[in-house]
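Got a structure for you, questions after.
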Amino acid sequence: MKTIGQTVKMIRQIKGFTQSEVYSGVMSRSFAHRFENGENDISAAKLFKILDNLSISANEFRFIQNDYHEPTATSLKRRLLRAYNGHDLQTMGQIIAETQKSSRLSYKSVAAMGQILVVTYYSKTFTVTPAMENLWDTLFASQTWTLEEIRQAQILLPIAVSRHQEALISEIVDRFENNCRQYLQAVDDPFHIADELMDLYLYLSLFQIELNLAQYQSAKEILNKIRQVNTLDLSWNGRFQQQLITAVWQLYFGSEKKGLALIAKLVAVENLYSPTVDHNLLAIIKVRKRLAKQYRKANAVD
């Protein structure tokens, strides 16, 4: 692997910058020469200034430094979620097998997430594995969640249900939302945290768990939560999830006609792709349409 200086040199030359443009006010010309040859190292503060001069983020620099590859754990998690959306249980099983015996926390987290995603295909509760317990303990021990913890923390909710600690759900959600607020800026969302909130509210997490536990008053409040998220901050996937929550909410608590009409639009968009990209969306719709009818009948919802 190249040294940091050698990677900086490569990027500088690709972009057509001179050493003076990149290093002025940061280091001398002679030091820059040795740095680019891998002979000198620099502080993080100086590296950040150099990256600003190169107009490149730290994450992109790390990607290039790693020979244009993501960190392995990040890549495995991305593969896992892609397999989950496609209901590819064989690939999910392979990824879990690759990661569950690792001593690295990042790999154990992937294994725990994979195990939860697999078992929740078939059951609302499950046996909590050592990998899940490890992730649970690690996240609860952290006073503040940074991006990596935020992107893992939603799976605490199904673990709480399976540990019969449903009383902790509100604490987990509060911590999640409070940590997300640190990253949601007034006019921008550079780390796509709004999408993480939609994930929390929909897939494995809050809305469906509240419905499964028959906590209907709490489930009703989800609509207010998603309305507080700035739609302009959401990616296409986040907006799709926002509309799906709205549609399912209507099926249970609002206008069934409006809910079905919105679902028809979402399914029409999904049907533009063949084969189907997101099997989970269609599975959620199928289950919730059936259960919402039962709820409305039992509660005499007009």
Kindly assign one of parallel, tilted or perpendicular to the pair Phe253 and Tyr295, based on the angle between their ring planes and the thresholds 30° and 60°. perpendicular
So how far is it from Tyr183 OH to Asp189 CG, rounded to the nearest 0.5 Å? 12.0 Å
Tyr252 and side-chain contact (heavy atoms from CB on, under 4.5 Å): which single residue from Arg288, Arg296, Lys293, Lys220 fits? Arg288
For the CD atom of Gln115 and the OG1 atom of Thr129, what is their distance to the nearest 0.5 Å? 3.5 Å
Is a side-chain donor-acceptor pair under 3.5 Å present for Glu149 with Thr146? yes
Does the side chain of Asn178 pick up a donor-acceptor pair with the side chain of Arg181 at under 3.5 Å? yes
Counting C-beta onward and ignoring hydrogens, is there a side-chain heavy-atom pair between Leu54 and Phe61 closer than 4.5 Å? no
I'd like to know if the side chain of Asn40 and the backbone of Arg34 have a donor-acceptor N/O pair within less than 3.5 Å. no
Ionic contact status for Glu133 with Arg163, cut-off 4.0 Å: yes
Test your reading of the model: is there a side-chain donor-acceptor pair from Trp249 to the backbone of Gly254, 3.5 Å cut-off? no
Is a donor from one side chain sitting under 3.5 angstrom from an acceptor on the other, for Ser20 and Thr18? no
Is it possible for you to say whether Trp236 and Leu232 belong to one hydrophobic cluster, with membership spreading through side-chain heavy-atom contacts below 4.5 Å? no
Looking only at the side chains, is there a donor atom on one of Gln241 and Asp199 sitting less than 3.5 Å from an acceptor on the other? yes
With ring-ring contact (aromatic ring centres under 6.0 Å, His included) as the rule and sequence neighbours excluded, what pairs involving residues 256-287 come up? His87-His279
Glu166/Gln215 under side chain to side chain donor-acceptor pair (under 3.5 Å): CA gap, chis, key distance, verdict: CA-CA 11 Å; Glu166 292 89 346; Gln215 298 294 324; over 6 Å; no
